[in-house]
Amino acid sequence: MNISRLRIAALTIMIVGISAAVLYFTVDVGTLGSLADFHPASLLGVVLAISAGMYFDSLRLIRLGEIAGHRIFLGAAVRVVFGNYFMAMLTPGATGGALIQVLFLKKAGIPTGSATVVVLARTILSIFFLLVCLPVVFYYDPAILPWFDRDGIVRAALLMVGLAVIGMVTLRTGLADRLAVVTLKRFPVRWRFRLMKVYRDMRSALVLMSASPAAVGRAFVESGLSLLSLYAMVPVLFAGLGVSSDWLLVMGRMIFLNLLLYFAPTPGGAGVAEGLFITSFKGLLPLGMVGITAVAWRVFAEYLPACIGGYFTMKVFGISLFSPEKSIRKGENQ
């Protein structure tokens with residue numbers, strides 16, 4: 001057994017252990033009664049929400065490919081989206097997700113440089129959509145950060161959005177090149193080339209996005225529809241449990257939670273996601289239900305798509321992908 005298979009086995013054990021711990025510390029005598037009253041029809045709503053989220057995510061990828069001058073078919077886009085879930089679960093901070101997306105796009109005939117830029121643009125759109133939503137989320141739900149006053153956190157959120165816009169505009173100017181050179185001189189030599197590559201990829205992605213504002217605007221809307229569809233499975237699960245909830249409040253907390261997960265250090269946010277979910281919704285659900293809902297959300301939102309992504313990854317790249325160094329070289333050469 002090589003190191004990649006060991007990683008999958010270790011991750012599986014970790015996920016099962018985290019899920020078991022969440023259930024152990026949250027399930028109580030009322031849980032079985034609540035589960036007995038669960039409405040199975042809500043599972044159809046969850047499936048529809050996931051399907052809509054994946055569809056709009058794939059549509060966004062196709063549109064970004066068109067902006068870059070390449071045609072991506074829907075089947076290839078779907079494989080990219082699910083493959084991202086699979087590799088993101090296997091790597092700390094979801095770093096492997098970007099690599100497998102590039103490899104899938106290269107397999108679909110997209111040059112590596114263009115594929116890298118498209119993948120980065122996809123990530124930028126997702127994060128920027130969540131940032132744009134933050135001022136509304138904090139205004140509508142100031143209890144999400146109870147130690148700050150509403151006006152303060154709204155102003156801070158608006159400042160973050162403004163800084164993001166200024167940063168994206170600055171990255172397209174000559175000033176950004178000068179700042180990058182001055183900044184990178186402060187880093188050890190072994191890091192300079194890596195950081196410069198990240199900077200150039202980021203700038204290329206922003207140049208791509210500015211080349212066709214109307215198309216990027218549609219991709220931004222598709223990003224929002226994809227993310228909101230995926231987050232909608234949570235209030236659907238609440239409804240299945242017979243819990244009456246404020247959909248806007250629940251969706252707002254999901255937006256904030258998932259923005260934080262972009263910076264989670266664990267593979268696929270395992271452990272961090274469950275903790276954030278319980279903290280965010282323990283006031284809306286009985287303790288006996290919040291844990292099992294957190295596990296159900298992770299199963300539908302991450303683990304099931306990751307399993308589908310694993311199938312697509314093995315189908316496209318074969319079992320050799322699980323030979324770490326050899327498989328990556330093979331994927332890059334294809």
Side-chain angles (χ1 to χ4, degrees), residues 41-68 70-89 94 97-98 100-105 107-110 115 117-130 132-133 205 208-209 212 214-237 239-240 247 250-251 254-255 257-259 261-262 268-269 296-313 315-316:
S42 66
L43 294 179
L44 176 60
V46 169
V47 172
L48 290 175
I50 295 174
S51 300
M54 299 302 176
Y55 171 74
F56 285 115
D57 198 354
S58 301
L59 204 61
R60 167 181 61 172
L61 190 65
I62 292 172
R63 196 173 305 282
L64 290 173
E66 290 174 350
I67 297 172
H70 302 284
R71 185 177 184 183
I72 304 174
F73 292 99
L74 181 60
V78 169
R79 288 192 289 271
V80 172
V81 171
F82 279 106
N84 174 52
Y85 278 90
F86 174 62
M87 287 303 293
M89 286 299 302
I100 198 65
Q101 289 179 74
V102 171
L103 294 181
F104 267 115
L105 288 174
K107 192 74 173 179
I110 313 298
V117 171
V118 166
V119 169
L120 188 54
R122 174 180 177 269
T123 303
I124 291 173
L125 285 176
S126 292
I127 295 177
F128 188 63
F129 175 80
L130 297 178
V132 168
C133 290
L208 170 70
M209 293 166 65
S212 182
V216 170
R218 290 194 292 272
F220 178 77
V221 171
E222 289 158 358
S223 295
L225 291 173
S226 172
L227 294 172
L228 294 178
S229 296
L230 293 172
Y231 302 162
M233 75 174 72
V234 173
V236 169
L237 285 172
W247 275 58
V250 173
M251 294 293 284
M254 288 300 297
I255 287 171
L257 185 159
N258 279 274
L259 180 60
L261 284 180
Y262 272 98
W297 164 61
R298 289 292 286 171
V299 169
F300 287 118
E302 296 290 338
Y303 305 148
L304 180 59
C307 289
I308 297 173
Y311 167 76
F312 283 136
T313 302
K315 183 177 180 181
V316 173

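What you are looking at is a predicted structure, and each value in this text was computed from that prediction instead of being measured.
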Locate the shortest heavy-atom distance separating [X] from [Y]; write the atom from each residue and the value.
| X | Y | answer |
| --- | --- | --- |
| A121 | L208 | CB-CD2, 4.5 Å |
| A49 | S229 | CB-O, 3.2 Å |
| L257 | W297 | CD2-CH2, 3.6 Å |
| A108 | A76 | CB-CB, 4.1 Å |
| M89 | Y303 | CE-CE2, 3.5 Å |
| S126 | Y262 | CB-OH, 3.2 Å |

TODO: Quick one: list whatever passes side chain to side chain contact (heavy atoms under 4.5 Å, CB included) with V47, sequence neighbours left out.
DONE: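 With neighbours one apart ignored, the set is S51.
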Interatomic spacing from [atom1] in [X] to [atom2] in [Y] - rounded to 0.5 Å:
| X | Y | atom1 | atom2 | result |
| --- | --- | --- | --- | --- |
| S58 | R79 | OG | CZ | 10.5 Å |
| E66 | L61 | CD | CG | 10.5 Å |
| T313 | N84 | OG1 | CG | 10.0 Å |
| L230 | F56 | CG | CZ | 11.0 Å |
| F220 | I124 | CZ | CD1 | 12.5 Å |
| I100 | L105 | CD1 | CG | 10.5 Å |

Open item on the list: Run the side-chain hydrogen bond (donor to acceptor under 3.5 Å, both in side chains) test against S223 and tell me which residues pass, sequence neighbours left out.
Closed with: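 By the side-chain hydrogen bond (donor to acceptor under 3.5 Å, both in side chains) rule, S223 matches R60.
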TODO: Test V78 against F73 for side chain to side chain contact (heavy atoms under 4.5 Å, CB included), laying out the working first.
DONE: CA-CA 9 Å; V78 169; F73 292 99; over 6 Å; no
Minimum side-chain heavy-atom gap [X]-[Y] below 4.5 Å:
| X | Y | result |
| --- | --- | --- |
| M209 | F128 | no |
| L125 | V216 | yes |
| Y85 | M54 | yes |
| F129 | L228 | yes |

Task: Pairs touching residues 225-237 that satisfy salt bridge (charged side-chain N to carboxylate O under 4.0 Å, His left out), sequence neighbours left out - done: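 Qualifying pairs: none.
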Open item on the list: Please check this pair: side chain of Q101 against backbone of G97, looking for a donor-acceptor N/O pair closer than 3.5 Å.
Closed with: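 Such a contact is found between Q101 side chain and G97 backbone.
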Open item on the list: Under the rule for salt bridge (Lys or Arg N to Asp or Glu O under 4.0 Å), what residues qualify as partners of R122, not counting sequence neighbours?
Closed with: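 Once residues adjacent in sequence are excluded, the partners of R122 under the salt bridge (Lys or Arg N to Asp or Glu O under 4.0 Å) criterion are D57.
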Task: salt bridge (Lys or Arg N to Asp or Glu O under 4.0 Å) against E222, all qualifying residues, sequence neighbours excluded - done: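 E222 satisfies salt bridge (Lys or Arg N to Asp or Glu O under 4.0 Å) with R63 only.
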Task: With sequence neighbours excluded, residues passing ring-ring contact (aromatic ring centres under 6.0 Å, His included) with Y55 - done: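 Expected list: none.
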Open item on the list: Using the rule given for side chain to side chain contact (heavy atoms under 4.5 Å, CB included), can you reason through V118 versus I110, listing the C-alpha separation, both sets of side-chain angles and the distance that settles it, and then say yes or no?
Closed with: CA-CA 10 Å; V118 166; I110 313 298; 5.6 Å; no
